[in-house]
Amino acid sequence: MLRTTTCGQLRTEHVGQTATLCGWVDSYRDHSGVLFVDLRDRYGKTQVVFGPESGADVQEVARSLRSEYVISVTGAVAARPMGTSNPKLATGEIELRATRLEVLNKSVTPPFQPGSIDTPNEDLRLKYRYLDLRRPRMQQTLLLRHRMIKAMRDYFDEHDFVEIETPMLGRSTPEGARDYLVPSRVHKGSFYALPQSPQLYKQILMVAGYDRYVQVARCFRDEDLRADRQPEFTQLDLEMTFVEADDVIGIIDGLVARLAKQLLGRDIPTPLPRMTYDEAMERFGHDAPDLRFGMELIDVTDIAREAEFRVWRGAADGGQRVRGINAKGAAANYSRKGIDDLTAWLTQDFGVKGLSWFKVEESGTLASPIAKNFAAPLLAKIAQRLNAEPGDLLLFVADTFPITCKALYALRKRFGEELKLYAPGSMHCSWVVEFPMFAYNEEEKCWAAMHHPFTAPRPQDAPLLASDPAACRAQAYDLVINGLEAGGGTIRIHDQTLQQQVFGLLGIDAEAARERFGFLLDALEFGAPPHGGIALGLDRWVMLFDGLDNIRDCIAFPKTQKATDLMTSAPGAVEAKQLRELGIKIDSPAK
RNA sequence: GGGGACGUAGCUCAAUUGGUUAGAGUACCGGACUGUCGAUCCGGUGGUUGCGGGUUCGAGUCCCGUCGUCCUCGCCA
């Protein structure tokens, strides 16, 4: 070992000992007669002192040290002189009085300093990721990530889960997200697909009798990125045999409580609350509601039917909905212009035709350009329904149910942030259950699976498959943390006949089903047990547990929004020879 | 594919309504300093304002295009 101690280790109890530290020069302060160097490694920072007793030679080398030089220092651990301890450092009571100094490696002047307070722009951080990852904040996150994965593995091991790896090179399935494809050299013109999730393999493992499977699984989806979406991400994937939805939910409840306690020192009572999909859409307009604050969606369609206001009345009479939210005390926060901006945003992003609004005046009356279109008793009804108080801002959308959901969900989310309706560190976990089996695809004029085609309907809803697919509910459950889908799973179909019926509804005929999932259908015929599972979005969990607002900060080497890696410049061109071997011709050459 | 924000010194930012030689902090270089810890003090280097066009007497500022980063809609079973 080149060191005896890390930079986060020494305390007053070590005073008098000799220690050798290695690390990066975080900062240096040259006072001529005495020099200070803060030495950093991932364990912390220790102040190293080069005084007269260090010797002229050592002092001279110390004077040449610059940011990010890698050095090894030996010296005596000493208590700092009275009044010079630094409470900001864990090692702030002591310092290392250097007697030996070796520069292990120099550094060119870094484009930004890992020890600096301000964070550089993200493109720079990504290009020099090795410098960015030296920042204590990043190290904290990656260490939390490690501890989380470790705790998860321990937890599942205690519950008899077996970790089994599944292939990265699989076959493409047209359902779901766009696949990342890998060309086959041996079979020219054929492609592997990187897994979107190990879904089919884990089901096969249940058929194979492994009873409880878990995997930290890398998954790939070639879709456009978001703050909480990367093309390459990690799932904590699991599957269980002889279980019902409650069993899977119960296991995850236990995991959530364990991790919150172990990683955050926080008590989360279980069982976690549950809400049906229908209730979530009605009360919050979304299947992953942020329950850290209220501001629920309120329906006023019945009131709209009596209104003079044509926009409302027309919508209500036409079978659409009029719903709104009460932004408590926000009337003063949003000027006429501010509300116009909200309207423009909702029009652009969600296709609403307009935004109706009222400000509640001191007298309790509703003020708005559209107020004249409402008889006084109706205004009173609206005020009462929304629990309006002076200073409140009431906003309404009159449109189809899906559009009112999207627009009001977005408004509610935005108000939650802008009006600071929840404490910064707060965390709320819950389940949304009883998802519909199918969503009708208007463009393709066909049913699509809400989760995936292997999801089992609730037993009591199985007859609806034939009569009313829209009403058929799945044995599906999503874990929601702070308004983010943190995981989702289902009980699977283990019966061949039922599976065929669902394929039929999805427009997958027998031949196509055999072509794509023949191996699974075969497996279902060989004594497939009832089974179900869930996949947790591990990157998102880290993000939520660490109070971050984007997934890139939870991943050591993430991609940009255009799915490139600024450090390695991936993706890049390949040699013509490589393409020839694969039998691939490029249509439009890369720039 | 659509909408939006941003791009100025190595870095973080400023620059009035289009108007003189584009500034500050920090980093970097040199000097001073024996207890600092975001050290301090003195001096200095550092700029094709992302790139390309255009409008104008004059463009960091306005317009068009393009590249990059981010946010977002579509998309993400």
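Residue numbers begin at 1 in each chain, while the letters A, B, ... track the order of the sequences.
- By the 4.0 Å N-to-carboxylate-O rule, A/Glu232 lies close enough to A/Arg218 to be salt-bridged with it.
- Looking at heavy-atom distances under 4.0 Å, A/Arg552 makes contact with sugar-phosphate atoms alone, never a base.
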So which protein N/O to nucleotides 33-36 of chain B N/O distances come out below 3.5 Å?
{"unit_1": "B/rC33", "atom_1": "N3", "unit_2": "A/Asp30", "atom_2": "O", "d": "3.0"}
{"unit_1": "B/rC33", "atom_1": "N4", "unit_2": "A/Asp30", "atom_2": "O", "d": "3.3"}
{"unit_1": "B/rU34", "atom_1": "OP2", "unit_2": "A/Ser32", "atom_2": "OG", "d": "3.4"}
{"unit_1": "B/rG35", "atom_1": "N1", "unit_2": "A/Glu95", "atom_2": "OE2", "d": "2.8"}
{"unit_1": "B/rG35", "atom_1": "N2", "unit_2": "A/Glu95", "atom_2": "OE1", "d": "2.3"}
{"unit_1": "B/rG35", "atom_1": "N2", "unit_2": "A/Glu95", "atom_2": "OE2", "d": "3.1"}
{"unit_1": "B/rU36", "atom_1": "O2'", "unit_2": "A/Arg29", "atom_2": "NE", "d": "3.4"}
{"unit_1": "B/rU36", "atom_1": "O2'", "unit_2": "A/His31", "atom_2": "NE2", "d": "3.4"}
{"unit_1": "B/rU36", "atom_1": "O2", "unit_2": "A/Arg29", "atom_2": "NE", "d": "2.6"}
{"unit_1": "B/rU36", "atom_1": "O2", "unit_2": "A/Arg29", "atom_2": "NH2", "d": "3.1"}
{"unit_1": "B/rU36", "atom_1": "O2", "unit_2": "A/Gln47", "atom_2": "OE1", "d": "3.4"}
{"unit_1": "B/rU36", "atom_1": "N3", "unit_2": "A/Gln47", "atom_2": "OE1", "d": "2.8"}
{"unit_1": "B/rU36", "atom_1": "N3", "unit_2": "A/Gln47", "atom_2": "NE2", "d": "3.0"}
{"unit_1": "B/rU36", "atom_1": "O4", "unit_2": "A/Gln47", "atom_2": "NE2", "d": "2.7"}
{"unit_1": "B/rU36", "atom_1": "O4", "unit_2": "A/Arg80", "atom_2": "NH1", "d": "3.2"}
{"unit_1": "B/rU36", "atom_1": "O4", "unit_2": "A/Thr84", "atom_2": "O", "d": "3.4"}

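- Residue A/Ser116 is classed as having no contact, given no heavy-atom separation below 4.0 Å to the nucleic acid.
- In this structure, A/Lys88 reaches the sugar-phosphate backbone alone: every heavy-atom distance under 4.0 Å involves primed, P, OP1 or OP2 atoms, never a base.
- Between A/Arg129 atom CZ and B/rU69 atom C1' there is a gap of 14 Å when expressed in whole angstrom units.
- A/Leu566 comes within 4.0 angstrom of sugar-phosphate atoms only, judged by non-hydrogen atoms across all strands, and of no base.
- When each of B/rU72, B/rC28, B/rC70 is scored by its nearest atom to the side-chain atoms of A/Ala227, the top-ranked nucleotide is B/rU72.
- In summary, A/Arg229 and A/Asp224 do not engage in a salt bridge, as defined by a charged side-chain N under 4.0 Å from a carboxylate O.
- Residue contacts for A/Arg178: at a heavy-atom cut-off of 4.0 Å it reaches no nucleic acid atom on any strand shown.
- For the pair A/Thr564 and B/rU69, the criterion of a side-chain N or O lying under 4.0 Å from OP1 or OP2 is met.
- Nearer the 5' end of RNA chain B, as judged by each residue's closest nucleotide, is the contact made by A/Ser27, out of A/Met450 and A/Ser27.
- Atom CZ of A/Phe350 is separated from atom P of B/rG3 by 16 Å (rounded to the nearest Å).
- Nucleic acid contact for A/Ala448: none, since no nucleic acid atom lies under 4.0 Å from a heavy atom of the residue.
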### Test log, rule ring pair (Phe, Tyr, Trp, His ring centres under 6.0 Å), inputs A/Phe284 and A/His286
CA-CA 6 Å; A/Phe284 302 98; A/His286 197 256; over 10 Å; no

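- Between A/Gln215 and A/Thr166, the side chains place a donor N or O and an acceptor N or O closer than 3.5 Å (distance only, hydrogens not considered).
- Counting non-hydrogen atoms under 4.0 angstrom, A/Tyr28 reaches the backbone sugars and phosphates but no base.
- Open room surrounds NZ on A/Lys106; 12 or fewer heavy atoms of other groups in view lie less than 6.0 Å from it.
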#### Entry: A/Tyr28 vs A/Phe50, ring pair (Phe, Tyr, Trp, His ring centres under 6.0 Å): CA-CA, chis, key distance, verdict
CA-CA 11 Å; A/Tyr28 53 93; A/Phe50 298 91; over 10 Å; no

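- Spacing of P atoms, B/rA14 relative to B/rC62, comes out at 14 Å, to the nearest Å.
- At a threshold of 4.0 angstrom between heavy atoms, the contacts of A/Lys406 are confined to the sugar-phosphate backbone, with no base atom among them.
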Look for any protein N or O under 3.5 Å of an N or O in nucleotides 11-14 of chain B and output each such pair with its distance, or none.
{"unit_1": "B/rC11", "atom_1": "O4'", "unit_2": "A/Pro111", "atom_2": "O", "d": "3.2"}
{"unit_1": "B/rU12", "atom_1": "OP1", "unit_2": "A/Asn121", "atom_2": "N", "d": "2.6"}
{"unit_1": "B/rU12", "atom_1": "OP1", "unit_2": "A/Asn121", "atom_2": "ND2", "d": "3.2"}

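- Residues A/Lys127 and A/Met567 form no side-chain contact, since every pair of their non-hydrogen atoms from C-beta on lies 4.5 Å or further apart.
- Side-chain contact annotation: A/Arg171 with A/Thr173, donor-acceptor N/O pair under 3.5 Å absent.
- Taking 4.0 Å as the cut-off between side-chain N and carboxylate O, A/Arg125 and A/Asp553 count as a salt-bridged pair.
- Residues A/Tyr422 and A/Asp290 approach most closely at CE2-OD2, 4.3 Å, considering heavy atoms.
- Residue side chain A/Asp349 does not reach the base of B/rG74 through any donor-acceptor N/O pair under 3.5 Å, judged by distance alone.
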